[in-house]
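Since we're looking at a predicted model, the values are computed, not measured. Atoms considered below: every heavy atom in the structure, side chains included; atoms not considered: hydrogens, waters and symmetry mates.
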Amino acid sequence: AQQGRVREKAYGKQKIYFADQEQLPAATDAELRGLDDEIAALSTKVQALQQSCRQMEAELKDLNSSMTTPEMAREIEELRKDCASYAEKLERIKSATNHVTPEEKDKVCSEQKLYCKEWRRRKRMATELLEAILEGYPKSKKQFFEEVGIETDEDHNVMLPAAV
């Protein structure tokens with residue numbers, strides 16, 4: 001500061017030292033425009049590099065999340081084993097001699113429909129009867145069912161099959 005190369009400014013108890021810009025050569029307008037053009041070119045280059053970096057990072061993330069060649073080989077081998085076991089199971093099923101004939105299947109389906117229809121009819125009759133009794137009953141439906149010992153389908157999580 002005493003030699004004049006640096007300037008000193010005091011702010012309260014603090015002192016700040018900075019280069020004396022008066023000793024530096026003044027830049028011409030042409031030099032300033034040239035520097036501005038260089039800054040703009042470098043800024044464009046920085047943006048392009050940042051975009052390229054983001055793309056490469058995304059590609060790296062994709063590659064890190066994908067399977068490696070040995071992992072892929074193991075996965076293919078496991079899938080081949082599964083496929084072979086399913087093919088073997090299919091052959092056993094095809095070669096079985098105890099197939100159900102279409103007539104037997106139709107008979108079983110018609111019996112199921114008949115029994116479901118009867119189940120619905122009886123459930124509806126029982127519900128109507130119980131509702132008639134509950135009209136004059138002083139306690140709740142739940143208390144009545146407990147006293148009489150009635151168990152409903154819902155108590156046992158049983159659902160009537162949907163009508164087909």
Side-chain angles (χ1 to χ4, degrees), residues 14 16 18-19 27 30-164:
Q14 295 179 345
I16 296 178
F18 56 93
E31 289 175 332
L32 290 176
R33 279 193 296 274
L35 289 174
D36 286 341
D37 292 343
E38 187 179 345
I39 288 172
L42 289 174
S43 294
T44 305
K45 188 175 180 181
V46 165
Q47 288 177 349
L49 288 173
Q50 285 175 337
Q51 178 65 26
S52 173
C53 184
R54 281 192 291 273
Q55 289 173 347
M56 288 181 180
E57 284 175 347
E59 185 178 344
L60 177 64
K61 183 180 177 185
D62 288 343
L63 290 173
N64 284 337
S65 65
S66 64
M67 297 176 106
T68 62
T69 304
E71 289 174 341
M72 192 70 74
R74 280 194 299 273
E75 182 73 19
I76 289 171
E77 189 60 35
E78 287 177 24
L79 291 173
R80 284 189 178 143
K81 287 178 184 176
D82 289 346
C83 185
S85 68
Y86 289 138
E88 182 182 320
K89 186 176 181 180
L90 179 63
E91 283 302 315
R92 279 198 317 259
I93 291 171
K94 283 183 178 179
S95 66
T97 56
N98 58 352
H99 292 294
V100 176
T101 63
E103 296 83 25
E104 291 173 328
K105 180 182 173 188
D106 291 341
K107 180 183 173 192
V108 169
C109 287
S110 65
E111 284 179 1
Q112 192 229 6
K113 286 179 187 176
L114 175 71
Y115 294 140
C116 287
K117 182 179 176 184
E118 188 65 23
W119 183 1
R120 282 188 191 85
R121 189 178 69 80
R122 290 182 183 196
K123 184 173 182 170
R124 186 179 60 250
M125 287 174 26
T127 304
E128 289 173 359
L129 181 69
L130 290 170
E131 286 175 359
I133 293 172
L134 285 170
E135 284 179 9
Y137 193 71
K139 297 180 183 176
S140 71
K141 181 178 180 179
K142 187 176 180 180
Q143 289 173 335
F144 174 71
F145 280 14
E146 286 179 14
E147 286 180 19
V148 177
I150 296 175
E151 295 177 352
T152 63
D153 294 340
E154 291 76 22
D155 292 341
H156 295 281
N157 296 323
V158 176
M159 296 286 294
L160 191 63
V164 191

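Tyr86 contributes atom OH, which lies 10.0 Å from atom CG of Leu79 (distance to the nearest 0.5 angstrom). Separation of atoms CG (Asp37) and CG (Leu32) is listed at 11.0 Å; rounding is to 0.5 Å. Atoms SG and CD1, from Cys83 and Ile76 in turn, are 13.0 Å apart once rounded to the nearest 0.5 Å. In this structure, Thr69 OG1 and Arg74 CZ are separated by 10.5 Å, a value rounded to the nearest 0.5 Å. Within the model, atoms NZ of Lys123 and CG of Leu160 stand 6.5 Å from one another, a figure rounded to the nearest 0.5 Å. The line from CD of Glu128 to CZ of Arg124 is 6.5 Å long, rounded to the nearest 0.5 Å.
Here the closest heavy-atom approach between residue Leu134 and residue Ser140 is recorded as CD2-O, 4.5 Å. In this structure, Arg120 and Pro161 approach most closely via the heavy-atom pair NH2-O, 2.6 Å.
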Open item on the list: As a quick check of understanding, evaluate salt bridge (Lys or Arg N to Asp or Glu O under 4.0 Å) for Glu78 and Lys81, giving each step before the final call.
Closed with: CA-CA 5 Å; Glu78 287 177 24; Lys81 287 178 184 176; over 6 Å; no
- [ ] Let me see the working for Lys61 and Ser65 under side chain to side chain contact (heavy atoms under 4.5 Å, CB included), right down to the final yes or no.
- [x] CA-CA 6 Å; Lys61 183 180 177 185; Ser65 65; 5.6 Å; no
TODO: Would you please test Glu75 and Glu71 for side chain to side chain contact (heavy atoms under 4.5 Å, CB included) and show each step?
DONE: CA-CA 6 Å; Glu75 182 73 19; Glu71 289 174 341; over 6 Å; no
TODO: Could you check Asp155 against Thr152 for side-chain hydrogen bond (donor to acceptor under 3.5 Å, both in side chains), going step by step and ending with a plain yes or no?
DONE: CA-CA 5 Å; Asp155 292 341; Thr152 63; 3.3 Å; yes
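In summary, Glu88 and Arg92 engage in a salt bridge, as defined by a charged side-chain N under 4.0 Å from a carboxylate O. Look at Glu57 and Arg54 and you find no salt bridge, because none of the NZ, NE, NH1 or NH2 atoms lies under 4.0 Å from a carboxylate O.
In the displayed structure, Glu59 atom CD is contacted under 6.0 Å by at most 12 heavy atoms of other residues, nucleotides or ligands. Residue Met56 qualifies as open at atom CE: its count of foreign heavy atoms under 6.0 Å is 12 or below. Residue-environment remark: CD (Gln51) exceeds the threshold of 12 foreign heavy atoms within 6.0 Å.
Within the structure, ring pair (Phe, Tyr, Trp, His ring centres under 6.0 Å) contacts touching residues 111-139 (residues at least two apart or in different chains) are Tyr137-Phe144.
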